[in-house]
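Note on naming: letters A, B, ... go to the chains in the order of the sequence lines (proteins, then strands), and numbering restarts at 1 for each one.
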Amino acid sequence: LAKTTQPISMDSYEGQEVNITCSHNNIATNDYITWYQQFPSQGPRFIIQGYKTKVTNEVASLFIPADRKSSTLSLPRVSLSDTAVYYCLVGGNTDKLIFGTGTRLQVFP
Amino acid sequence: EPEVTQTPSHQVTQMGQEVILRCVPISNHLYFYWYRQILGQKVEFLVSFYNNEISEKSEIFDDQFSVERPDGSNFTLKIRSTKLEDSAMYFCASSEQGSTYNSPLHFGNGTRLTVT
């Protein structure tokens, strides 16, 4: 299973763009990259998933370089309600998806 | 939007007692999971379940744990003889086609288990 590395925490202000980068140096050929968001006392919530290049949905964008050894979750114009823990997961060959420690994003007014 | 629902939201039990945590996955999903999160720690994989059998399990999922899909809608986690260290938030998740097909997991809001 590809191990992921993310910053432990990040701070931002409302209205700013936030980019959270995840390293996954030993990603396998058929692994996808998936990001989840978790609020306190709630289950993780799927945000976005990609394999290569760029994926965008109504919530976020995901940038994946050609070598796929990292990925960047981009949250445009964050608000206070985006304060949460963000997890990057990599997998594709197994039903055993492993969460890392995630990145705790704190958004200030 | 369809949701994964878990009951109860909070369960308090005494050490050594059996508990059953219940989950109703999203109706057209075929893959089911249990995760747990001890307070302040990361989300830990326990078990995945497909076609009425366990497909993967972690080292945490020892003989005191079992899972069952007793009918077409429920998915349960049983802890036979609870220990203090089983106190955690337990999350159920379901997926349409499983993570091997890159199908995202949909999580419930968890059951907080407190063992006294």
Side-chain angles (χ1 to χ4, degrees), chain A residues 1-9 22 24 27-53 55 57-60 62 64 68 71 73 84-105, chain B residues 1-6 9-10 21 23 25-26 29-51 53-61 67 88-112:
Chain A
L1 294 171
K3 184 181 174 181
T4 59
T5 304
Q6 304 174 231
I8 293 174
S9 64
C22 178
H24 26 81
I27 189 169
T29 303
N30 54 356
D31 282 345
Y32 273 66
I33 300 149
T34 310
W35 285 79
Y36 290 84
Q37 173 193 56
Q38 186 182 28
F39 298 114
S41 299
Q42 293 188 25
R45 183 177 75 101
F46 169 79
I47 302 175
I48 197 166
Q49 182 182 73
Y51 183 80
K52 62 180 179 181
T53 63
V55 179
N57 62 21
E58 63 278 4
V59 176
L62 178 59
I64 305 167
R68 303 199 330 118
S71 58
L73 174 73
V85 179
Y86 293 82
Y87 298 95
C88 160
L89 276 73
V90 173
N93 270 331
T94 174
D95 279 330
K96 187 178 179 179
L97 270 187
I98 303 297
F99 282 76
T101 51
T103 298
R104 187 173 300 277
L105 173 66
Chain B
E1 184 178 325
E3 289 183 343
V4 174
T5 57
Q6 291 186 243
S9 57
H10 192 185
L21 309 183
C23 169
I26 294 173
H29 285 187
L30 301 177
Y31 293 77
F32 314 111
Y33 308 81
W34 284 101
Y35 284 78
R36 79 172 186 190
Q37 187 172 32
I38 295 169
L39 186 64
Q41 298 186 23
K42 62 182 183 181
V43 179
E44 299 176 293
F45 172 82
L46 293 179
V47 66
S48 58
F49 190 87
Y50 168 70
N51 200 26
E53 59 184 34
I54 291 172
S55 52
E56 300 269 4
K57 63 181 181 178
S58 72
E59 58 278 3
I60 301 169
F61 194 87
V67 289
M89 184 77 94
Y90 287 80
F91 295 109
C92 172
S94 69
S95 171
E96 191 170 357
Q97 294 183 337
S99 53
T100 49
Y101 293 95
N102 307 301
S103 186
L105 273 59
H106 296 258
F107 286 82
N109 277 331
T111 293
R112 181 173 298 284

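Contact record, B:Gln37 with A:Gln38: OE1-NE2, 2.8 Å, taken as the closest heavy-atom pair. Residues B:Asn109 and A:Gly43 share a closest heavy-atom pair of OD1-N, 3.5 Å. For the pair A:Ser41 and B:Arg112, the tightest heavy-atom approach, listed with the atom from each and the gap, is OG-NH2, 3.7 Å.
Between the side chain of B:Tyr35 and the backbone N or O of A:Leu97 there is at least one donor-acceptor pair closer than 3.5 Å. Distance alone, capped at 3.5 Å, places no donor-acceptor pair between the A:Tyr87 side chain and the B:Lys42 backbone.
Of the atoms belonging to A:Tyr36, it is side-chain heavy atoms, and not backbone ones, that fall under 4.5 Å from chain B.
To the nearest 0.5 Å, the span separating OH on A:Tyr32 from OG on B:Ser103 amounts to 11.5 Å. From A:Ile98, atom CD1 reaches atom CD of B:Glu44 across 9.5 Å, with rounding to the nearest 0.5 Å. Note that the OG atom of B:Ser48 and the NZ atom of A:Lys96 stand 9.0 Å from one another [nearest 0.5 Å].
Comparing A:Tyr51, A:Phe39, A:Phe99 by how many heavy-atom pairs each has under 4.5 Å with chain B, the most go to A:Phe99.
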